[in-house]
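Notes follow once the structure below has been shown.
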Amino acid sequence: MGELSKAYVPADVEGPIYERWLAADVFAPDGAGSRADPSLEPFVIIQPPPNITGALHLGHALTFTLEDAMVRHARMRGHPTLWLPGADHASIAAQYVLDRILAAEGESRESLGRDRYLERMWQFINATRAIMLGQERRLGASLDWSRLRFTMDEGSARAVRESFTRLYRDGLAYRTEALINWCPGCRTSVSDLEVVPTPETGMLWTIRYHLVDEATGAPDPNAWIAVATTRPETILGDTAVAVHPDDQRYAALVGRRVRIPFVERDVPIIADDVVDRAFGTGAVKITPAHDRDDYATARRHDLPMITMLADDATVNETGDGYIGLDRFEARRQIVAELEARADLEAARPHEMLIGRCQRSNDVIEPRLKTQWFIRTGPLAEQALAATRDRRTIIVPPRFEKVWENWMTNIHDWNVSRQLWWGHRIPAWYCPDGHVNVSADAAGPAACETCGRPAAELTQDADIFDTWYSAGLWPFSTLGWPDDTDDLRRYYPGSVMETGYDIIFFWVARMMMLGIHFMGEVPFRKVYLHGLVKDPYGQRMSKTKGNVVDPLEAINTAGADALRFALLNGTAPGADQKFSDERLEDARNFANKLWNATRFVAGARPASIDAERATRRERSDHARLGPTERWITSRAAATVEAVDRAFADDNYGEVARLLYDAIWSEFCDWGLELAKIRLGDAAVSDEDREATWWTLVEALDSYLRLLHPLMPFVTEALWAVLPHFADDPDLLIVAHWPSAAAGAASALERDPRLERSVGQLLELVRAVRTARAAAGVPAAAWLPVDVLVPAALDATFEALTPAIQRLARARPLNRVLDRTPLDAAPAGSLAVVIGELEALVHVAAAGRGELAVRSGERARIEKDLAQAEAALASTRARLADPTFNERAPAAIVEGTKQREQELAERVERLRQTASP
RNA sequence: GGGCGGUUAGCUCAGCUGGUUAGAGCGCCUCGUUUACACCGAGGAAGUCGGGGGUUCGAAUCCCUCACCGCCCACCA
């Protein structure tokens with residue numbers, strides 16, 4: 001047995017313990033210290049590799065805590081566990097961050113050039129990655145560091161090239177010119193998911209387009225069609241005006257032509273269902289190259305598509321008179337000019353949704369680009385089939401609907417990014433326009449179509465969307481495309497744990513790519529956690545300044561406290577508010593546990609010497625009193641309840657259960673009861689030892705149960721307890737209490753005993769209440785008479801010293817019949833608990849008059865009124881024939897019993913209220 | 001425009017498939033130098049379970065509806 005310092009200082013225990021785990025090599029499924037049973041199914045967590053861009057936030061802390069709890073739980077149950085650490089290169093996010101750092105130094109992407117920029121990026125991310133991994137250790141994450149991976153390492157690169165080549169070969173990757181989301185700030189395309197619809201008040205302008213006179217070919221100054229638009233600058237790219245086919249107002253105009261101002265282009269008026277007759281003027285300008293609807297309309301009508309914006313969102317060479325102007329400046333000038341020409345019919349504020357870049361917040365411009373796309377239709381179908389036939393389940397289930405909806409309406413995935421930090425698209429183009437896609441890092445030896453030598457081929461300048469390599473994570477990290485042992489053993493994963501906010505970004509892509517390349521789902525279960533918000537329910541963000549730094553929380557309260565605080569408030573898929581109070585409460589809990597263990601360690605009977613106390617012994621059953629059996633039974637009940645909560649993936653429930661069991665049961669009652677026998681000189685050594693071993697037994701179980709949530713403090717405390725011969729040195733690899741070979745499986749439930757002891761504990765509570773109500777000094781001894789039914793006889797006898805001490809009740813007299821109670825003297829309070837009745841003689845403490853004094857009388861009368869009301873409603877129910885007829889017998893019986901108890905309670909209280 | 005979640009004590013939340021008098025932590029009030037812990041212990045005050053309707057012997061729990069808050073999805077210029 002070891003020693004515990006008087007004060008619990010998390011910082012002193014956490015660091016050294018993590019080092020011990022590392023030294024013992026217990027994290028890896030095949031580590032030297034692993035005690036995994038190879039015949040059990042491996043438990044594999046797929047974790048979202050965090051972005052290398054910076055420090056971890058509380059959301060990460062929740063992720064790591066949940067996953068670590070899952071892994072530790074499975075590890076203790078004997079499963080080989082694999083939790084593979086990693087980092088995501090986060091191309092657009094990383095470039096965004098680095099660009100800002102460079103800007104502060106007066107440099108830029110352009111000034112450095114691709115090679116030097118990437119060099120700089122590696123420096124940057126190597127530094128941030130080290131910080132990030134250090135934070136994961138501080139949190140206690142039991143990741144298998146021997147398998148550390150990165151989405152930009154060679155293994156990922158190979159998987160990216162190989163997978164993309166196969167997708168291309170299978171017709172699931174294609175290159176085409178299409179309308180994509182362009183972020184002028186990031187200078188790249190982004191996926192639909194990265195466009196954030198932002199409500200804004202813009203303007204809706206009504207503009208006149210003059211009809212072209214069919215005879216002269218000139219615009220008619222007196223004839224026009226008015227269109228409504230929120231983006232007048234796109235006039236420069238208009239190639240038609242559309243009206244609804246059934247709109248009588250414009251029926252005669254369909255087929256006529258109008259003159260587009262500034263660019264002086266004549267375009268047709270067409271009819272299309274897409275037009276909403278009720279909106280604006282009922283006529284819409286069509287700008288195919290810069291609007292999603294218009295693009296679709298143009299394709300139906302075979303209209304020309306004119307791109308009028310450059311990459312930096314200035315007007316390009318097609319925009320006569322406005323060339324080089326920023327889009328918003330061009331808009332301003334165009335509106336002014338239209339007004340000057342009297343072609344601006346109206347202008348009014350308009351509420352609308354503007355697409356903004358998730359990263360840079362720039363207004364996204366839809367525009368035409370030639371890019372690579374993944375054909376998601378067939379892939380999504382497979383992913384849907386997998387969730388529908390439950391090969392992968394989603395927790396909580398309500399997200400299945402969201403999943404279904406998204407997967408059935410999925411669009412093809414634009415994977416080209418005009419960025420530098422990421423995996424280069426493995427496509428090479430020959431001057432004749434032939435496309436070569438190659439899994440070879442060096443590219444094809446020659447054009448596969450025309451045989452031109454490699455030197456004449458040029459590789460696509462673009463890189464992949466970050467989520468492409470992330471989507472390969474579950475198998476690229478296990479050696480794919482090679483057929484490795486790891487891949488065979490650890491694919492598919494058991495649980496994919498992540499926040500619900502990246503279900504589409506990441507989970508969906510892993511499912512689609514995993515099924516396609518591996519022929520089987522990448523994971524059996526998707527566990528989604530919620531967002532961690534500030535105490536006011538606001539999303540934490542750097543700009544709001546309400547971000548809680550996990551490291552700071554760890555430094556002030558300890559990693560265990562942070563972990564417990566996060567889990568204590570969690571339910572699958574539910575957001576939680578995080579506050580200092582929560583953290584403090586968790587820290588207090590760790591402290592409580594520390595002190596309870598310190599007490600148990602220090603309470604070792606002298607008859608067990610230090611040497612003997614290094615080996616765990618089973619408590620001698622014959623010597624266990626009701627107290628000991630109660631402690632054991634409650635611990636057994638907790639094991640059962642915790643197992644159920646784990647099975648339900650309800651980690652918040654696990655936390656609550658253990659908090660209550662350890663604090664309110666084990667500490668408040670168990671330890672206090674045990675102190676009686678431990679400190680009683682009249683008790684035999686053997687009995688005292690049995691009591692102590694009982695405490696060790698219960699505490700040992702609680703530490704095991706709590707370990708997945710609070711690994712550090714439990715590991716430190718477990719070290720001071722005696723262990724069985726087959727226990728390991730470290731709790732992290734010790735058996736789970738309910739596991740078959742569990743060291744603590746001797747715990748047994750005894751519901752009848754729990755009820756008996758429970759009633760006596762209630763008696764203690766009632767005496768305390770009476771004492772407080774009557775204003776009896778805490779130190780004073782109160783005489784108490786108790787009427788004990790035969791069934792409670794033995795238990796009462798055994799617990800008498802405990803009741804005396806805990807309630808400060810002395811003399812504690814057993815009375816044999818009710819007579820003394822019926823003749824309750826003034827200055828005595830009657831107490832009725834289940835089968836027990838008692839009289840607390842407060843008068844004996846010099847407070848007799850208080851029993852009938854106004855304050856106490858009001859109190860008793862209130863209790864009486866409550867009891868009478870309860871009795872009345874219970875009787876009313878029993879008098880109802882339909883209740884007796886339809887309610888289950890057990891309920892009816894219970895209600896009858898209740899009626900009896902209430903009647904007696906009312907009688908007692910009446911006597912007390914009016915002596 | 002669809003869809004999801006939430007609404008329980010001053011605050012943060014538990015209350016599973018309907019069944020005694022709805023619970024916990026924090027905060028608040030009273031008391032406490034009992035040899036694990038004041039990051040503690042004992043006791044207490046505090047809730048018409050968002051509103052309305054329904055099903056049922058019985059509803060915080062199931063159904064309908066309304067209100068408010070939050071989120072997701074969606075091509076109305």
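Being a predicted model, the structure only gives us computed values, none of them experimental. Just so we're on the same page: letters track the sequence lines, and every chain starts at 1.
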Item checked: R356(A) vs I354(A) side-chain heavy atoms within contact, under 4.5 Å -> yes
Partner of U56(B) under the Watson-Crick or G-U wobble criteria, both distances under 3.5 Å, comes out as none
Here the distance between atom C1' of C26(B) and atom CZ of F578(A), to the nearest Å, is 14 Å
K577(A) has its side chain closest, among C75(B), A77(B), U12(B), to U12(B)
Discussion item. Base, sugar-phosphate or nothing for V275(A)? Non-hydrogen atoms, less than 4.0 Å.
Written reply: base
Which is true for P888(A) with a 4.0 Å heavy-atom rule: it touches a base, it touches only sugar-phosphate, or it touches nothing?
-> base
field: P spacing across the pair A67(B) / G10(B), given as an integer number of angstrom
entry: 26 Å
Between A60(B) and G53(B) - P atom distance, rounded Å: 14 Å
Per atom distances to the V402(A) side chain, the nearest of G25(B), C72(B), C73(B) is C72(B)
**Prompt:** With a non-hydrogen cut-off below 4.0 angstrom, is L353(A) in contact with a base, only sugar-phosphate, or nothing?
**Reply:** base
What nucleic acid atoms does R582(A) come within less than 4.0 Å of, heavy atoms only: base, sugar-phosphate, or nothing?
sugar-phosphate
Y659(A) and W663(A) aromatic centres sub-6.0 Å: yes
Rounded to whole Å, the CZ-C1' distance (F564(A) to C39(B)) equals 14 Å
When Y659(A) and N409(A) are each assigned the nearest nucleotide of RNA chain B, the 5'-most assignment goes to Y659(A)
note: D294(A), atom CG; C76(B), atom P; distance rounded to Å ~ 12 Å
Check against ring-ring contact (aromatic ring centres under 6.0 Å, His included), H529(A) and F399(A): CA-CA 11 Å; H529(A) 66 249; F399(A) 282 96; over 10 Å; no
In whole angstroms, the gap separating C1' of C73(B) from CG of D192(A) amounts to 12 Å
OH of Y209(A) to CD1 of I225(A), rounded to nearest 0.5 Å, is 10.5 Å
>> Within the structure provided, determine whether E899(A) and R877(A) are in side-chain contact (heavy-atom separation under 4.5 Å).
In response: no
Practice problem: Using the C1' atoms only, state how far G15(B) lies from A22(B), rounded to an integer number of Å. | Solution: 8 Å
Does the side chain of K401(A) get closer than 4.0 angstrom to OP1 or OP2 of C4(B) through an N or O atom?
yes
Less than 4.5 Å apart, side chain to side chain, heavy atoms only: is that true for Y8(A) and N595(A)? no
From the candidates G43(B), C75(B), C39(B), the one with an atom nearest any side-chain atom of N588(A) is C39(B)
Exercise. Do any side-chain nitrogens or oxygens of T769(A) fall under 4.0 Å of OP1 or OP2 in G44(B)?
Worked result: yes
Here the distance between atom C1' of A24(B) and atom CG of D585(A), to the nearest Å, is 10 Å
Measuring only the P atom in each nucleotide, how far is G32(B) from A24(B)? A whole number of Å is fine.
24 Å
Taking the six-membered ring for Trp and the single ring otherwise, decide whether the centroids of H301(A) and Y295(A) are under 6.0 Å apart. no
Scanning all shown strands, the Watson-Crick or wobble mate of G18(B) with both distances under 3.5 Å is none
Paired to G5(B) by Watson-Crick or G-U wobble criteria (both distances under 3.5 Å) is C69(B)
Original post:
What distance, rounded to whole Å, do you find between the two C1' atoms, one in U48(B) and one in A59(B)?
Top reply: 15 Å
TODO: Classify the nucleic acid contact of R765(A) as base, sugar-phosphate or nothing, counting any heavy atom under 4.0 Å across all strands shown.
DONE: sugar-phosphate
From NZ of K533(A) across to P of U12(B) the rounded distance in Å is 13 Å
Atom pairs under 3.5 Å: protein N/O with N/O of nucleotides 32-38 of chain B:
residue, atom, partner, partner atom, Å
A36(B), OP1, K675(A), NZ, 3.3
A36(B), O2', N595(A), OD1, 3.0
A36(B), O2', R598(A), NH2, 2.7
A36(B), N7, K675(A), NZ, 3.2
A36(B), N6, C667(A), O, 3.4
A36(B), N6, E672(A), OE2, 3.2
A36(B), N3, N595(A), O, 3.3
A36(B), N3, A596(A), N, 3.2
C37(B), OP1, K6(A), NZ, 3.3
C37(B), O4', N595(A), OD1, 3.2
C37(B), O4', N595(A), ND2, 3.4
C37(B), O2', N591(A), OD1, 3.2
C37(B), O2', N595(A), ND2, 3.3
C37(B), O2, K592(A), NZ, 3.1
C37(B), N3, K592(A), NZ, 2.9

| said: Once you apply a heavy-atom cut-off of 4.0 Å, does D276(A) come out as touching a base, just sugar-phosphate, or nothing? | reply: base
Under the 6.0 Å and 45° cation-pi test, does K675(A) pair with F599(A)?
yes
R398(A) CZ to C4(B) P, in whole Å, measures 11 Å
Ionic contact status for D247(A) with R277(A), cut-off 4.0 Å: no
| request: With heavy atoms under 4.0 Å as the rule, sort R587(A) into base, sugar-phosphate or nothing. | output: base
Using the P atom as the point on both nucleotides, what is the distance between G47(B) and C66(B), in whole Å? 31 Å
Distance, P atom - from G25(B) to U61(B), rounded to whole angstrom: 25 Å
When both distances are under 3.5 Å in a Watson-Crick or G-U wobble arrangement, the nucleotide paired with G43(B) is C29(B)
Against the side chain of E581(A), the closest entry in C26(B), U12(B), C73(B) is C26(B)
One should read off an interatomic distance between D880(A) CG and E885(A) CD, to the nearest 0.5 angstrom, of 9.5 Å
Practice item. Pick the C1' atom in U12(B) and in C28(B), then give their distance to the nearest Å. Key: 16 Å
Rounded to whole Å, the CD-P distance (E762(A) to A42(B)) equals 13 Å
